[in-house]
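Inspection log for the structure reproduced underneath, given as structure tokens.
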Amino acid sequence: MSTITVKAYGAESTTADLKEMNIERREVTAKDVEIEILYCGVCHSDLHTARNDWGGSLYPVVPGHEIVGRITKVGSEVSKFKAGDLAAVGCMVDSCGHCNSCKHDLEQYCQNGFTGTYNGKDKHLGGHTFGGYSQKVVVDEHFVLSVPENLDLAAVAPLLCAGITTWSPLRHWNAGPGSKVAVVGLGGLGHMAIKLAKGLGAEVTLFSRTPGKTDDAKQLGADHVVISTDDSQMDAVKGKFDLIIDTVPYEHDINPYMQTLSLNGTLVLVGFVGEFQETEVSTRPMIFQRRSVAGSLIGGIAETQELLDFCGKHNIVSDIELIKMQDINSAYERMLKSDVKYRFVIDMQSL
């Protein structure tokens, strides 16, 4: 298969800083779209994969799955896009296409495993896939998304991961007018959960451990802020929420939040991936009020397009800090300290 060489930024090993390198992209096949990458969001998953925090990283790692750009070339059988169109790519670039999940537009739950935008199995060139910290990407048109022209393109990028990760459970559990939604954690995921829940018409509350985030939360659209370390405030919201979106990325005690769910309420974990080893989860509040604890993973392609269209209609984007590609290593260190409001985005023209 013919290839092109493009510049990228990646890590050669677990302990290596990211640096400039060359990678190979395939030439477009009949159903492919080639995109010049203009902006790429920076996700915690990028850092975890670059440093092999979850195990299984394949080197060299070129992260990046919040991609926004402009189409430069399309294959002969591409029908939905043309050169010059704005386009986006999220966390997936392929799936089996024929399992029950894929047939129902739930490619993120592909029963044969979806292909990640990076660190996935490259079905075309062999080896593994490389992400959006690069000049160009070539993707099957099914996994390419249209971007509304009216939005700030740089601030669109985090919608492809942080946005869809919170949008999918909001839609699945029917958040909207008359529903009461709470969000745990105010970071990249949390700030999008507030904006999107409010955009859907829900009454939105942020759970915070400290009062310092109250003003920011209300500027983002939260109607209320509850200090989760204040017993009296937690008692006041017992049985209130239909849905809680828990964005905290590390092990934490979810039992206090369970008490604030209404009858039939659901707490959805979207931030923490792993086992609760130090905290026991009580089934009592679940059994006696038919409450649920659930999980949710990004969203399918159709649902991601729905999100982008909704954001275009309501002018919703992420709050970002734009950086140069050469600043990615310091951005990772700042991200570990939660020193960003609320998402880094790389200006890929700096590469």
Side-chain angles (χ1 to χ4, degrees), residues 43-49 53-55 65 90-92 101 106 108-109 114 116 158 160-175 179-197 200 202 204-209 213 217 222 226 228-229 234 237 239-287 289-300 303-304 307 335 338 342-343:
C43 176
H44 269 90
S45 300
D46 298 352
L47 185 156
H48 291 313
T49 304
D53 292 338
W54 295 333
H65 57 202
C91 302
M92 302 177 287
S101 297
L106 296 169
Q108 75 274 34
Y109 302 122
F114 70 80
L160 281 306
C161 181
I164 188 57
T165 295
T166 51
W167 174 258
S168 187
L170 288 168
R171 294 291 285 153
H172 182 76
W173 278 275
N174 301 310
S179 61
K180 294 178 173 61
V181 174
V183 177
V184 186
L186 185 58
L189 293 175
H191 96 286
M192 285 310 310
I194 291 173
K195 288 189 176 192
L196 293 172
L200 286 165
V204 185
T205 299
L206 173 72
F207 281 117
S208 177
R209 294 181 60 82
K213 296 182 179 179
V226 172
S228 58
T229 52
M234 292 296 282
V237 293
K240 178 177 180 178
F241 301 112
D242 304 301
L243 177 65
I244 298 175
I245 306 294
D246 187 328
T247 72
V248 177
Y250 48 80
E251 185 174 354
H252 57 288
D253 188 2
I254 65 171
N255 289 297
Y257 304 113
M258 289 292 295
Q259 300 287 351
T260 71
L261 286 170
S262 62
L263 177 68
N264 297 320
T266 303
L267 183 150
V268 185
L269 294 159
V270 298
F272 175 63
V273 180
E275 299 178 3
F276 284 99
Q277 296 180 337
E278 298 178 6
T279 304
E280 294 182 357
V281 178
S282 173
T283 62
R284 185 177 299 275
M286 290 186 268
I287 289 171
Q289 288 291 303
R290 202 160 60 187
R291 296 160 171 153
S292 303
V293 176
S296 182
L297 177 70
I298 52 174
E303 192 171 46
T304 307
L307 163 67
M335 194 162 58
S338 299
Y342 285 95
R343 205 74 163 187

Practice prompt. Run the numbers on Thr205 and Lys180 for side chain to side chain contact (heavy atoms under 4.5 Å, CB included), then give the verdict.
Written response: CA-CA 8 Å; Thr205 299; Lys180 294 178 173 61; over 6 Å; no
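Scanning all heavy atoms of the two residues, the minimum distance from Pro169 to Leu243 falls at O-CD2, 4.0 Å. The shortest heavy-atom contact between Asn174 and Ser179 is O-OG, 4.4 Å. Nearest heavy-atom pair across Thr266 and Ala294 is CG2-CB, 4.0 Å. When all heavy atoms of Gln108 and Ser168 are compared, the closest pair comes out as NE2-OG, 4.5 Å. Nearest heavy atom pair, residue Ser296 against residue Val268, reads CB-CG1, 3.8 Å. Looking at every heavy atom in both residues, Val204 comes nearest to Ala197 through CG2-CB, 3.7 Å.
Panel note: side chain Thr260, backbone Pro256; no donor-acceptor pair is recorded below 3.5 Å. The backbone N or O of Arg284 lies less than 3.5 Å from a partner atom in the side chain of Ser282, making a donor-acceptor pair. A donor-acceptor contact shorter than 3.5 Å is absent between the side chain of Arg343 and the backbone of Pro158. Of the possible polar contacts, one joining the Tyr109 side chain to the Leu297 backbone as a donor-acceptor pair under 3.5 Å is found. The backbone N or O of Gly163 sits less than 3.5 Å from a side-chain atom of Thr166, completing a donor-acceptor pair. Looking at Ser262, its side chain never comes within 3.5 Å of a backbone N or O of Gly239 through a donor-acceptor pair. Checked by atom type and distance alone, the side chain of Thr247 pairs as donor or acceptor with a backbone atom of Gly185 at under 3.5 Å. Checked by atom type and distance alone, the side chain of Asn255 pairs as donor or acceptor with a backbone atom of Glu280 at under 3.5 Å. Between the Thr229 side chain and the Arg209 main chain, a donor and an acceptor come within less than 3.5 Å of each other. Checking side-chain atoms of Glu278 against main-chain N and O of Glu251 turns up no donor-acceptor pair under 3.5 Å.
Side-chain contact check for Met286 versus Val281: some heavy-atom pair is nearer than 4.5 Å. A 4.5 Å side-chain heavy-atom check between Ile194 and Leu186 finds at least one atom pair inside the cut-off. Looking only at side-chain heavy atoms (C-beta outward), His65 and Asp46 come within less than 4.5 Å of each other. Using a 4.5 Å heavy-atom cutoff, the side chains of Ile298 and Met92 are in contact. Side-chain atoms of Trp167 and Met192, non-hydrogen and from C-beta on, never get closer than 4.5 Å to each other.
Taken from CD in Gln289 to CG in Leu263, the straight-line distance is 5.5 Å, to the nearest 0.5 Å. The line from OG1 of Thr283 to CE of Met258 is 9.0 Å long, rounded to the nearest 0.5 Å. The OG atom of Ser228 sits 3.5 Å away from atom OH of Tyr257, with the distance rounded to the nearest 0.5 Å. Here the straight-line distance linking atom CD1 of Ile164 with atom OG1 of Thr304 works out to 3.5 Å at 0.5 Å rounding. To the nearest 0.5 angstrom, Leu269 atom CG is 5.5 Å from Ile254 atom CD1. In this structure, CE on Met335 lies 4.5 Å from CG on Leu47, to the nearest 0.5 angstrom.
With sequence neighbours excluded, the residues forming a salt bridge (charged side-chain N to carboxylate O under 4.0 Å, His left out) with Lys240 are Glu203, listed by chain and number.
Of the residues Val183, Ile245, Leu170, the one that meets the side chain to side chain contact (heavy atoms under 4.5 Å, CB included) test with Leu196 is Leu170.
Between Phe276 and Phe272, the ring-plane angle classifies as tilted under the 30° and 60° cut-offs. Aromatic ring pairs are classed by plane angle as parallel below 30°, tilted from 30° to 60° and perpendicular above 60°; the pair Trp54 and His48 is tilted.
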